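For reference, the structure is listed below as structure tokens.
These numbers come from a predicted model, not from an experiment.
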Amino acid sequence: MIEELVTITNRASSADGNRGKVLIIGNNNVFEVGSKVEAVRVGDHNLIECKAVVGPSVEISNGCIIGAGCHIQMEEHLPENTVICGENCDRRTQRERPPAQTIQIDFLTKILPNYHYLIKPNVGRPAAAVKK
């Protein structure tokens, strides 16, 4: 899930040895409002919270949580189930992966069609526009 104002950028450049690399994003990730991700790789089941910033030389493995407002800029590989949170970007390892967002995805699948209006194109010309 990618929420509003999220920026996901592939910053592969020759300066950091990543030239020509493809940005890989795994399954079941959540990018919350205003987050900015330039990571080389994002694994599965990760949560990037609001206004978090992940730099271009970071690799995120599986089950990680980057807390709201945390900035990760140094070159590193985050081990599985790493949680980064707080003003000082404190780190710890959680025992389990963050829960899947299936409930939220199911809810959005049912609700969004009610608020997403499609404008149907006119198939033919309207009768008033036809000249005789």
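Heavy-atom minimum distance, R41 versus S61: NH1-CA, 3.9 Å. Nearest heavy atoms, L78 versus T82: C-OG1, 4.2 Å.
Note: the hydrophobic cluster containing I84 also contains V58 (ILVMFWY, side chain heavy atoms under 4.5 Å, direct or indirect links). In terms of hydrophobic clustering, with Ile, Leu, Val, Met, Phe, Trp and Tyr side chains grouped at heavy-atom distances under 4.5 Å, V42 and V54 are assigned to a common cluster.
Looking at E59, its side chain never comes within 3.5 Å of a backbone N or O of H77 through a donor-acceptor pair. When atom types are taken as modelled, the side chain of D106 and the backbone of I103 share no donor-acceptor pair closer than 3.5 angstrom.
Under the side-chain contact (heavy atoms from CB on, under 4.5 Å) criterion, I2 pairs with V6, I8, F31, sequence neighbours left out. Partners of N81 by side-chain hydrogen bond (donor to acceptor under 3.5 Å, both in side chains), not counting sequence neighbours: none found.
V37 is not listed as a side-chain neighbour of T7, based on a closest heavy-atom distance of 4.5 Å or more. A heavy-atom distance below 4.5 Å is not found between the side chains of I48 and E32.
For the atom pair CZ (R91) and SG (C85), the distance works out to 10.5 Å, reported to the nearest 0.5 Å. Rounding to the nearest 0.5 Å gives a distance of 7.0 Å between CG of N27 and NE2 of H45.
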M1/I105 under side-chain contact (heavy atoms from CB on, under 4.5 Å): CA gap, chis, key distance, verdict: CA-CA 8 Å; M1 284 184 15; I105 291 170; 3.6 Å; yes
Tell me which donor-acceptor pairs under 3.5 Å the side chains of residues 62-74 have, and how far apart each pair is, sequence neighbours excluded?
from	atom 1	to	atom 2	distance (Å)
N62	OD1	D44	N	2.7
N62	ND2	E80	OE2	3.4

